[in-house]
Peer 1: 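Before anything else, here's the structure in question.
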Amino acid sequence: MLHQVDDQLAKQRQALAKHCAEADIVITTAQVFGRNAPVIVTRDMIDGMAPGSVIVDLAVDTGGNV
């Protein structure tokens, strides 16, 4: 079962990376009460974005999504 979850997460990250690469701005807001915010945008996703693109991380107070 864990393998399916890993596969699903990998597919979601691939799709998100494609959208980030096409976007001029990415806004993240995911927070989990009582825990650090989940990392959503990875270094590889950032590297795939165009120079001058902007990321706004509204979950920075709890560790950030980026």
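Predicted, not measured: the structure shown is a model, and the values here were computed from it. Computed over heavy atoms, backbone and side chain alike; hydrogens, waters and symmetry mates excluded. Starting from 1, each residue takes its place in the sequence as its number.
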Peer 1: For Asp57 and Asn65, indicate whether the former's side chain and the latter's backbone hold a donor-acceptor pair under 3.5 Å.
Peer 2: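 Present.
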Peer 1: What are the two closest heavy atoms between Ala21 and Gly48, and how far apart are they?
Peer 2: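 The pair with the smallest heavy-atom distance is CB-O, 3.5 Å.
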Peer 1: For Ala30 versus Ala37, what's the shortest heavy-atom pair and its separation?
Peer 2: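 Closest heavy-atom pair between Ala30 and Ala37: O-CB, 3.5 Å.
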Peer 1: Between atom OG1 of Thr62 and atom CZ of Arg35, what is the distance when rounded to the nearest 0.5 Å?
Peer 2: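 Rounded to the nearest 0.5 Å, the OG1-CZ separation comes out at 10.5 Å.
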Peer 1: Rounded to the nearest 0.5 Å, how far does CG of Asp44 lie from CD of Gln14?
Peer 2: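 CG of Asp44 is found 11.5 Å from CD of Gln14.
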Peer 1: Report the distance from atom SG of Cys20 to atom CD1 of Ile40, rounding to the nearest 0.5 Å.
Peer 2: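 Going from the SG atom of Cys20 to the CD1 atom of Ile40 covers 9.5 Å.
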Peer 1: Indicate, with yes or no, if Val54 and Ile27 share a hydrophobic cluster defined by side-chain heavy-atom contacts under 4.5 Å among Ile, Leu, Val, Met, Phe, Trp and Tyr.
Peer 2: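 Shared cluster, yes.
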Peer 1: For the pair Ile55 and Met49, evaluate side-chain contact (heavy atoms from CB on, under 4.5 Å) and give the outcome as yes or no after the intermediate values.
Peer 2: CA-CA 10 Å; Ile55 300 172; Met49 295 175 74; 3.9 Å; yes
Peer 1: Using the side-chain contact (heavy atoms from CB on, under 4.5 Å) definition, which of the options Val60, Leu58, Val39, Val41 pairs with Thr28?
Peer 2: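 So, applying the side-chain contact (heavy atoms from CB on, under 4.5 Å) to Thr28 and each of Val60, Leu58, Val39, Val41, only Val41 qualifies.
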Peer 1: Is it the case that more than 12 heavy atoms not belonging to Asp47 sit under 6.0 Å from its CG atom?
Peer 2: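 Enclosed: over 12 neighbouring heavy atoms sit under 6.0 Å from CG of Asp47.
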Peer 1: State, to 0.1 Å, how close Ala23 and Ser53 come at their nearest heavy-atom pair, and which atoms those are.
Peer 2: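 Closest heavy-atom pair between Ala23 and Ser53: O-OG, 3.6 Å.
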Peer 1: If you measure from CZ on Arg13 to CE on Met45, what distance do you get to the nearest 0.5 Å?
Peer 2: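 Answer rounded to 0.5 Å: 6.5 Å.
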Peer 1: Taking side chain as C-beta onward, heavy atoms only, is Val56 less than 4.5 Å from Val26?
Peer 2: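 Val56 vs Val26: side chains apart.
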Peer 1: Passes side-chain contact (heavy atoms from CB on, under 4.5 Å), Val66 versus Ile46? Steps please.
Peer 2: CA-CA 9 Å; Val66 181; Ile46 295 169; 3.5 Å; yes
